[in-house]
There are 2 protein chains.
Amino acid sequence: MADKVTIADVARIAGVSRQTVSNALNSPEVVRPETRQRVLEVVEELGYRVNLAARQMRTGRSGLIAIRIDPAGDGINGSVFDRFLHGLTESAAEAGYRLLLYTAGDDDKEIAAFEDLLGAHEPDAFVLTSTHHKDPRTSWLLDRKLPFVTFGRPWSELPEVPHPWVDVDGSAGTEAATEHLLATGHRRIAFLGWPSGSGVGDDRREGWRRALAGAGLDPTGLSRATSDAIADGEAAARDLISGDPDITALVCASDSLALGALQVARSPNPAWHAEAYRRIAVVGFDDTPVAKAIGLTSVHQPLTEAAARCMQLLSRALERTPPGTILLPPSLVVRQSA
Amino acid sequence: MADKVTIADVARIAGVSRQTVSNALNSPEVVRPETRQRVLEVVEELGYRVNLAARQMRTGRSGLIAIRIDPAGDGINGSVFDRFLHGLTESAAEAGYRLLLYTAGDDDKEIAAFEDLLGAHEPDAFVLTSTHHKDPRTSWLLDRKLPFVTFGRPWSELPEVPHPWVDVDGSAGTEAATEHLLATGHRRIAFLGWPSGSGVGDDRREGWRRALAGAGLDPTGLSRATSDAIADGEAAARDLISGDPDITALVCASDSLALGALQVARSPNPAWHAEAYRRIAVVGFDDTPVAKAIGLTSVHQPLTEAAARCMQLLSRALERTPPGTILLPPSLVVRQSA
DNA sequence: AGGCATGATTTGATCGTTCAAGTTAAGGAA
DNA sequence: TTCCTTAACTTGAACGATCAAATCATGCCT
C-alpha cells in the first residue's frame, strides 16, 4: 500500500547494486548462485514487483497483448468470440502477458486503433479475429513488422507474405456432420449457408459438398445462401424443404441458421396438404449455448485450445521466429436434432 | 512507423520547450492561445502521441481499468457478463481508458491478482462483478483507498463503509414478471430459484413474493430452490407442478432454470393420468440469447447502460468524490412462453 | 612474475514525460 | 524611476527500470 518497493530498495538491503538485482531476476545465469539466492530472499521479503512502466521505457516491452472486442453483444454467435477470449486471457496470463481490449467499427478504424495503441500503451502484439479476403489489417501489421496472430486463416488466394495463424477446419466440421447424417441413413442432405465470398462460409459449404461427393451424391439444387439470422434461416429452410420433398436433413453454417431451420423441421408444414409431419434432421455450427440448450446437434470448435495455440505462435512471433500455422479439427456434438 | 515522435521533437519544431508542449496538451489555460495553436499544429503534423509509460512514471496513472474474466466460457449465463464487458469496453474508451483483463480462481486469488496488477501494470481502477455477502475484495480495496466500482450491490447487512456500485433491481424484475402473469389471468404462480443466502437469488425471490402479496395471494409452498442448471430446473419444475395441480405459471431466477422448466411445461406429463396437456407459462431472467432464440419471456437487464453508469461512477471515484450508487430498472421482454 | 581471458559486480546514462522551481518580459502602482 | 506582480515560458530533476561500458577479482598460461 504505502510501500513502493523499488529495485534500489532491494539492492540496498541485499547489499548489492541495482543491476545485480535486475540480473538476478532477468538473467540468472550471470549472477553467482549464492548472490542470486540472497537477492531473491530480499525480493520475497519486501514483496518487490517490477514496475512495468519503467521497464517499458527501457525495453519497449509492455507485457500487453491487444485484442478487439465488438461493442454490441451480438446474440448467438458472439459467444464464439467470447469463449475464445476467455481462453486467451488464461493462456496469456500463463505466458506472463495480459490482454488489453479495444474497440473499432471497421478495418480502417481498427488500423487507426493500432496507431493509437502503439503510440500510447505500446502492446507487444495483437490478436486479430474474423479475418477475411484482402484483410488490410494484416498487411498493415506485416509492413511494420509488428508481431501478431490471427484466429482465422488468411483467406486471400495468394498469401503474399505468410503470417502466423490458428484456425478451426470448418470444412472438416461440415464434412463430419454430413457423414454422420449419411451414416444414419439420410441420402438427400441440403446445406444452408451464407452467400459465397466469405472464406469461412465457402469453406463450410465445401465440406458438405465433399462428403456428398464421397458418397457419390449430387449436390445440385441442395444449397441455399442467406444472411446469418434466425428468420432468414427459417425462410431458406422452408424454401428448400417445400421445393424438394426428398430432403430429410439440413447441414447449416451456423447455429442461428440451424435454429431457424428447426422451426420448420419441428413443425408440420401446412403446405404439404395431406402429407404428415415430416421430421428433418438439422445440424448447426459452433455449438453455442443455444445448441446445447435446445438439443441441437452442432459442430464444436475447440476454442480453448485455439486460444492456447494462438499464444504459442505469438510467443514464437515475439522472438521473431518464422511464422507457424495451426489448423485444428472440430468435433461433432450429436444431440436430439440429428 | 520507424519514427518515435517524442515531446522533445514537437518542442524543437514548434520552437518552444518540452514543458510548453506538455502544457498545451494538458493544461491549455496556462499557454497563450497562439502558442497553443502552433504546438497543436506540429503535434498533428508529426503525429505525436503521448507515451503512456513515461507519463505513468511521473503521474502514476496508467489509463487502465482492470476487470476479471472467468476462464471457462460458462454456457448460458456467461453471456450476461460478456455483454456487460462489451459495453464497458466502449464506455471506458470514451472516457480515455482501456480495459485490462485478468483471471482469478476465487476471492483470495483475486486479491493476489490485485497485488500483482498494482505492482506491475498499475491500473487506475478496478471493476468488480458478482459481489456477495462479506465480499473480502471490496474491503481490501477500501482499506487501500483504491478506486473501484462494483457491478452488483454490496450484499452485506450493514455496509460499514460505502463504495460506489451499479446494479439492476432484480426484485423489480421478478415483480414485473409476476404482475404480468397476474394480469394475464394466472392466480397460482410459483417461483423457481436458488438456495437462500445469495443476495441476487434472495432479491429475485423477494420480487415475486411482493407481487403475490400485492394481489392478496399466499406464496406458501410455491417456491423451490435448486442449483443453476437446466436439469435441476427441470426436476424442480416437475416437482412443483406435479405436487400442485393448480399451478399455471412459473417465475424463474435465471434462463437456465426457465429452460429446464420449459421442458416440463411444453410436454404433457404422463403422471397426470387422463389429464390433458396443461400449458404452464414460464418467465426467465437475464434475457440471454437462448431466451430470444426459443421464445422465452424473460427479464432483461440494461447491461450497456449499467456499463456506462459504472464508468460514470468510476470517473467520480478517480477524482476522489464521495461514492454514488445506481440501481437500474430491468424490463420484461414478453415472448411466447408467457 | 607478467599478461590475459573470464566471471561477477558496479557505475553512469538513458527511456519520455511531468513536477517544481527558475527565468524573462511586460504592465501597474508608488 | 524603482519595485512588485503576473503571465508565459524554460530548465533541471525525478519517476524506476535496463543497457552499455567500466571496474575488480580470480585463475591460467607462458
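A, B, ... follow the sequence lines: proteins, then strands. Residue 1 opens every chain.
- Here the P atom of nucleotide D/dT10 and the CZ atom of B/Arg12 are 15 Å apart, to the nearest Å.
- Atom CE of A/Met57 is separated from atom C1' of D/dC15 by 9 Å (rounded to the nearest Å).
- Rounded to an integer number of Å, the gap from A/Ile7 CD1 to D/dC19 P is 11 Å.
- To the nearest angstrom, C1' of D/dG16 lies 19 Å from CZ of A/Arg61.
- Take the nearest nucleotide of DNA chain C for B/Asn23 and for A/Arg58: the residue whose nucleotide is more 5' is A/Arg58.
- For A/Arg49 against D/dG16, a side-chain-to-base donor-acceptor contact under 3.5 Å is absent.
- Residue B/Thr20 has a polar side-chain atom (N or O) positioned under 4.0 Å from OP1 or OP2 of D/dT10.
- Contact between the side-chain N/O atoms of A/Ser17 and the OP1/OP2 oxygens of C/dT10 is found at a separation under 4.0 Å.
- Relative to the side chain of B/Gln19, the nucleotides D/dA17, D/dA20, C/dA20 differ in distance, and C/dA20 lies closest.
- Distance CG (B/Asn51) to P (C/dC15): 12 Å, rounded to an integer number of Å.
- Ionic pairing of A/Arg153 and A/Asp167 is present here: one or more N-O contacts between side-chain nitrogen and carboxylate oxygen are shorter than 4.0 angstrom.
- Using a cutoff of 4.0 Å between basic side-chain nitrogens and carboxylate oxygens, B/Arg68 and B/Asp70 are scored as salt-bridged.
- The distance from atom CZ of B/Arg18 to atom C1' of C/dA21 is 13 Å, rounded to the nearest whole Å.
- The phosphate of C/dT17 has neither OP1 nor OP2 within less than 4.0 Å of any side-chain N or O from B/Thr59.
- Between the side chains of A/His121 and A/Asp116, no donor-acceptor pair is found at a separation under 3.5 Å.
- Residue B/Arg38 contributes atom CZ, which lies 12 Å from atom C1' of D/dA8 at whole-angstrom precision.
- The side chain of B/Arg32 approaches D/dA8 more closely than any other nucleotide in the set C/dT11, D/dA8, C/dT17.
- Remark: A/Ser22 is in phosphate contact with D/dT18, judged by side-chain N or O atoms under 4.0 Å from OP1 or OP2.
- Two residues, A/Val21 and B/Gly15, neighbour DNA chain D, and the one matched to the more 5' nucleotide by heavy-atom proximity is B/Gly15.
- Under a 4.0 Å N-O distance rule, the pair B/Arg38/B/Glu34 does not qualify as a salt bridge.
- A centroid separation of 6.0 Å or more is found between the aromatic rings of B/Trp165 and B/Phe151.
- Residue A/Gln56 contributes atom CD, which lies 14 Å from atom C1' of D/dC15 at whole-angstrom precision.
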